[in-house]
Amino acid sequence: MRDSTISKHLALILGFFGVSANLGGTIVSFLSGLLGFSKAKNYILDTLVCLVCTIFLATAFLYMCFKKKKYARFISIANIFSGFVSFPAMFIVTGNFICGFPFYIMIIPVYYGFSVTINKLKRWLPVLNYLLFLVMFILTFKAPFFPGRRLIPNLNWLENCVAFTAAYFFLFYVCYLVANQFMLQNQTLEESEKRYKELSSKDELTGLYNRRSLANRAELGFSCAIIYDIDYFKNINDTYGHQTGDKALQILSQIVLKYCSNEFELFRYGGEEFVILSRLPEDVTLELFQHVMHDVRMNFIIEGNPVTISAGIASFCKDYNRTLKIADENLYLAKTDGRNKIYMNGDEIRY
């Protein structure tokens, strides 16, 4: 998944929580050991381990999220570091039931449950991490290898291992389901927003992009603007009805669309008016639109009668609105000069 807003939020949560948890562990380890509450002989080592983990995670967090903006990558780093480095390291120096190790490692399946869906982590990572934790969990009962560690009497290690396994995968699965459902809902919302934007930017009758889209696309730059409309369109509506008028708009759109591309874009401007933004050189634009006019003259037939269009063309000058105004003025000249004509910069273009 790309570094989306969801990945960003998850990365920030993991980062702030992870750094805060490690920093909190550093302070608690030092103070509880110093004051004798934890009864740990190696509390200085505990504190140093927590401090190193805090510094590493904080550095990765600041660099990946705030400098590079690589949120998805930080999520992977945070999960792998916490699951395979930070928590195992703290277990080595403090891990037993007294320090609460089997309970606070349950943070990790929560991390993985959300991250596997949102960040597409490898599915085997939580399983491998669980196996590592299971070994450490057994060592909690069986092997006091490290300074300050001691055996825990009167506890059945097998029963506790089973309970630990059930809790680990329950937390992982619940978080996975929540994250997966959230992703599905977010995907549905994004698709709905995309459809809404598309519908709001398109003319319902012709399927062409509308005036709003025209303004947005104009920002990309163009060389010429062409405004054309149907000659005597009011007569078509009055004589044959508005349904026939709508059909005329659709037929004309289909004729002109054959010539369109990303460099020669067609928009419905309003009523019977259409606009073409051309990014082609001026001479190429004129030649192409002359083919359009010829095609319209030969094939634009309504109720058995040929229908023509008139057009005004303007080279880009200073800004989009000024260019359209000049094109509209040229369209007016074409209309007043008998229609079925092309005018550009005040002169008729023969075709």
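- Taking K67 as the reference, nothing meets the salt bridge (charged side-chain N to carboxylate O under 4.0 Å, His left out) condition, with sequence neighbours excluded.
- Judged as a side-chain hydrogen bond (donor to acceptor under 3.5 Å, both in side chains), the pairs with a partner in residues 273-284 (not counting sequence neighbours) are, in order, E265-R279, S278-T285, E282-S315.
- Annotation: ring-ring contact (aromatic ring centres under 6.0 Å, His included) contacts of F274 (sequence neighbours excluded): Y228.
- The side-chain contact (heavy atoms from CB on, under 4.5 Å) search around S20 returns none, not counting sequence neighbours.
- Applying the salt bridge (charged side-chain N to carboxylate O under 4.0 Å, His left out) test to K234 and every residue at least two apart in sequence or in another chain returns D238.
- Contacts of V284 classified as side-chain contact (heavy atoms from CB on, under 4.5 Å), with partners at least two apart in sequence or in another chain: L280, P281.
- Residues that satisfy the ring-ring contact (aromatic ring centres under 6.0 Å, His included) test with Y259, not counting sequence neighbours, are absent from this structure.
- Take D319 and apply the side-chain contact (heavy atoms from CB on, under 4.5 Å) test, not counting sequence neighbours, and it matches N321, R322.
- Side-chain contacts under 4.5 Å among hydrophobic residues (ILVMFWY), followed directly or transitively, place L51 together with I55.
- For Y173, the ring-ring contact (aromatic ring centres under 6.0 Å, His included) criterion is met by no residue, not counting sequence neighbours.
- Here F66 pairs with F61 under the ring-ring contact (aromatic ring centres under 6.0 Å, His included) rule; sequence neighbours left out.
- Residue pairs satisfying the ring-ring contact (aromatic ring centres under 6.0 Å, His included) criterion with at least one member in residues 316-347, sequence neighbours excluded, are listed as follows: F222-F316.
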